[in-house]
**Student:** 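Handing you a structure now.
Chain A is the first sequence line, chain B the second, and so forth, proteins listed ahead of strands; every chain is numbered from 1.
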There are 2 protein chains.
Amino acid sequence: MAKNPQFQPVQPVRAYQRIVEQVEDALARGDLAPGQRLPSERELVAQFEVSRSTVREALRVLESNGVVRSRPGDPNGPEILPFSQSALRKQMVRLARVDELTLSELIGFRMIMDGAAIQVATRLRTPEHLAEMEETLVAMRAAIDVDFEAFSEADLAFHDVIARVSRNSLIQTCNDVVRGVVLTLISDKVAHAPNSRALMLESLEHHTEVVDAIRAGNGHAAARIARQNMYDYYASYVPAPEQETLRALIDD
Amino acid sequence: MAKNPQFQPVQPVRAYQRIVEQVEDALARGDLAPGQRLPSERELVAQFEVSRSTVREALRVLESNGVVRSRPGDPNGPEILPFSQSALRKQMVRLARVDELTLSELIGFRMIMDGAAIQVATRLRTPEHLAEMEETLVAMRAAIDVDFEAFSEADLAFHDVIARVSRNSLIQTCNDVVRGVVLTLISDKVAHAPNSRALMLESLEHHTEVVDAIRAGNGHAAARIARQNMYDYYASYVPAPEQETLRALIDD
DNA sequence: CTAGTCCACTGGTCGGACCAGTCACAGTCG
DNA sequence: CGACTGTGACTGGTCCGACCAGTGGACTAG
């Protein structure tokens with residue numbers, strides 16, 4: 001056989017998807033503008049020469065993407081929504097196409113986010129908040145003797161308090177989502193490594209230092225420790241050269 | 001008539017949407033995990049007691065959101081996908097639901113993110129990067145005489161350089177998405193205010209200071225100026241008490 | 001000119017049908 | 001005994017035709 005010509009796996013293109021593409025392309029090209037109306041479903045059936053089921057599946061996808069909105073009985077047909085402004089839309093499309101986020105990028109993102117949240121939380125802390133943090137530390141210590149799952153749970157609770165103190169749920173959500181992505185990526189690479197008791201103890205130690213720094217009002221130090229902790233936790237999963245980039249993030 | 005009880009407009013809940021909610025809830029609750037399979041379409045028809053068309057519309061939405069993937073002929077049924085970048089994107093967009101997040105939270109998020117990115121960029125900067133930043137400053141100065149749209153475009157280019165220097169496209173993406181949401185929220189509130197020439201000049205001034213601080217290697221100062229700039233830009237749109245919270249974010 | 005009625009048409013949902021593809025399994029061949 | 005193959009029960013993709021509850025514009029009566 002000849003040299004492998006780098007064939008790519010091919011998956012079938014579904015009809016409804018090509019309808020979605022046509023509509024989105026028309027939108028990007030300017031042939032369709034927000035406020036305008038799409039033809040009715042039955043007319044789209046004729047134009048695209050597919051069944052109504054197919055047209056409807058395409059409309060559901062477009063609706064889910066915030067591109068159009070259908071209302072029963074509206075004689076004008078589905079409405080093109082204004083939310084898809086050019087810049088935002090472009091970014092979203094780009095992000096959808098580029099599926100090449102590296103693990104180090106995700107971890108670096110978390111280091112930055114987590115550090116920033118802790119820094120803000122230090123400024124806005126109250127004695128009640130500090131008490132809550134102490135509680136989660138106690139819970140973490142207790143969880144070490146159970147299993148890694150419980151420890152991970154307690155760790156999440158800690159970050160939850162931080163997010164509440166910093167009065168910004170967006171940070172918390174981003175952290176949670178990215179955290180989930182990181183965990184699945186890691187579990188893809190190695191079966192299960194981080195459940196060693198030593199690592200959990202070290203993590204607890206770090207968290208305690210973070211809380212101490214927060215209590216002392218030293219947000220700078222607290223954030224640094226948090227980033228260091230995150231680095232120690234995940235660095236072994238990324239290639240050496242990228243480890244260096246991550247190390248650069250630790251210091252302020 | 002009695003005092004206006006602040007009624008909300010109601011829209012009919014479609015059947016397929018409640019299926020989507022049930023699946024997503026099960027996923028969030030942990031009853032469904034990535035790698036697991038959904039029952040086949042015909043079995044879902046029986047479980048949800050709806051027609052196959054409805055089940056399929058729900059599956060199309062879930063598929064569009066990166067939650068599941070259907071393959072023809074697969075006897076195991078639709079597959080639950082691991083959290084992907086596109087799923088992350090969807091999460092963020094959904095998070096941007098107007099009723100869930102306050103404008104001040106969004107702006108606060110941007111202040112933190114932008115500051116962090118600039119701080120990192122300061123550490124990782126090279127002379128070439130600095131030259132690029134200078135270019136965008138020149139472009140901004142030129143754009144002031146055109147219109148606010150052009151200025152906004154040049155501002156975006158600046159942040160794009162920052163993101164590239166900080167070697168983290170996720171930060172850039174988050175910033176862009178949130179930025180888009182903020183802009184639509186503001187344009188909802190007031191018609192068009194920020195296109196005053198004075199504001200643009202002040203913004204340019206701030207950006208210049210940021211670049212100077214980056215060149216000097218003072219990431220701390222650069223980040224602070226960036227946050228200050230963001231605050232000045234958007235603070236007038238949020239209620240006074242929340243302005244105070246945002247002001248607390250400016251200083252490190 | 002206004003208020004009320006009416007009806008064509010909309011999207012939402014249903015059930016049944018056919019097709020091409022996939023996969024597990026039983027049976028066959030070496 | 002193991003590797004191969006053919007088969008058949010499934011899967012999802014698409015289509016069709018039907019019914020319903022709404023919507024909104026036209027039309028009519030006042």
Side-chain angles (χ1 to χ4, degrees), chain A residues 1 7-24 26-27 32 34-81 83, chain B residues 7-24 26-27 32 34-81:
Chain A
M1 194 186 283
F7 284 139
Q8 299 285 336
V10 45
Q11 67 258 30
V13 182
R14 276 152 289 188
Y16 81 88
Q17 216 163 18
R18 287 198 284 175
I19 297 181
V20 170
E21 287 174 13
Q22 284 199 45
V23 173
E24 285 186 335
L27 202 59
L32 283 175
Q36 289 185 9
R37 302 306 188 103
L38 247 41
S40 74
E41 293 185 359
R42 287 170 177 83
E43 187 149 339
L44 290 173
V45 165
Q47 290 195 23
F48 286 113
E49 293 182 358
V50 294
S51 74
R52 190 148 91 100
S53 322
T54 305
V55 166
R56 283 182 57 78
E57 290 186 14
L59 285 177
R60 288 300 82 76
V61 171
L62 288 170
E63 198 163 340
S64 155
N65 288 12
V67 177
V68 304
R69 178 182 52 184
S70 295
R71 283 185 316 130
D74 189 342
N76 298 320
E79 179 184 4
I80 302 207
L81 295 178
F83 185 63
Chain B
F7 285 140
Q8 299 285 336
V10 330
Q11 66 261 31
V13 181
R14 276 151 289 190
Y16 82 87
Q17 218 163 18
R18 287 200 290 183
I19 296 181
V20 170
E21 286 172 14
Q22 283 199 45
V23 173
E24 285 184 338
L27 202 58
L32 283 175
Q36 287 186 10
R37 302 306 188 103
L38 247 42
S40 74
E41 293 185 359
R42 287 169 177 83
E43 187 149 339
L44 290 173
V45 165
Q47 291 195 24
F48 287 113
E49 293 181 358
V50 294
S51 74
R52 191 147 93 99
S53 322
T54 304
V55 167
R56 283 182 60 75
E57 290 186 14
L59 285 176
R60 287 300 82 76
V61 171
L62 288 171
E63 198 163 339
S64 156
N65 288 13
V67 177
V68 304
R69 177 183 53 186
S70 295
R71 283 186 315 130
D74 189 342
N76 298 319
E79 180 184 2
I80 307 241
L81 295 177

**Student:** Report the distance from atom CG of D74(A) to atom C1' of dG22(D), rounded to the nearest whole Å.
**Tutor:** 11 Å
**Student:** How far does CZ of R18(B) sit from OG1 of T54(B), to the nearest 0.5 angstrom?
**Tutor:**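 The distance works out to 11.0 Å.
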**Student:** Take the protein atom CD of E49(A) and the nucleotide atom P of dC15(D), then report the distance between them rounded to whole Å.
**Tutor:** 10 Å
**Student:** Specify the separation, in whole Å, of atom OH of Y16(A) and atom C1' of dG13(D).
**Tutor:** 10 Å
**Student:** Look at the side chain of E57(A) and decide which nucleotide, out of dT14(D), dG12(D), dG24(D), has an atom nearest to it.
**Tutor:** dT14(D)
**Student:** Is any side-chain N or O of S40(B) closer than 4.0 Å to OP1 or OP2 of dT11(D)?
**Tutor:**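 Yes, within the criterion.
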**Student:** Identify, between V50(A) and P72(A), the residue whose nearest nucleotide on DNA chain D lies closer to the 5' end.
**Tutor:** V50(A)
**Student:** How is R37(B) classified with respect to the nucleic acid when contacts are heavy atoms under 4.0 Å: base, sugar-phosphate, or nothing?
**Tutor:** nothing
**Student:** Take atom CZ of R52(A) and atom P of dT10(C), then tell me their distance rounded to the nearest Å.
**Tutor:** 9 Å
**Student:** Over how many whole Å does the gap from R56(B) atom CZ to dG12(D) atom C1' extend?
**Tutor:** 6 Å
**Student:** Compare every heavy atom of N76(A) with every heavy atom of R37(A), then report the nearest pair and how far apart it is.
**Tutor:**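 The answer is CB-O, 3.1 Å.
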**Student:** Rounded to the nearest 0.5 Å, how far apart are OH of Y16(B) and CZ of R56(A)?
**Tutor:**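 Going from OH on Y16(B) over to CZ on R56(A), the span is 8.5 Å.
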**Student:** Between T54(A) and dG13(D), is there a side-chain N or O to OP1/OP2 distance below 4.0 Å?
**Tutor:** no
**Student:** Quick check on DNA chain C: between S53(B) and R42(B), whose nearest nucleotide comes earlier from the 5' end?
**Tutor:**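 So the residue in question is S53(B).
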**Student:** Taking atom OG of S64(A) and atom CD of E63(B), what is their separation to the nearest 0.5 Å?
**Tutor:**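 The CD atom of E63(B) is 11.5 Å from OG of S64(A), to the nearest 0.5 Å.
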**Student:** Nearest whole Å is fine: how far is dG22(D) P from R14(B) CZ?
**Tutor:** 14 Å
**Student:** Of L38(A), V61(A), L81(A), which is the lone residue that meets side chain to side chain contact (heavy atoms under 4.5 Å, CB included) with V68(A)?
**Tutor:**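 Going through the options one by one, the only one that passes is L38(A).
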**Student:** Specify the separation, in whole Å, of atom CG of L44(A) and atom P of dC15(D).
**Tutor:**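 Distance, rounded to whole Å: 13 Å.
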**Student:** Send over the distance from R71(B) CZ to dC10(D) P, rounded to a whole Å.
**Tutor:** 18 Å
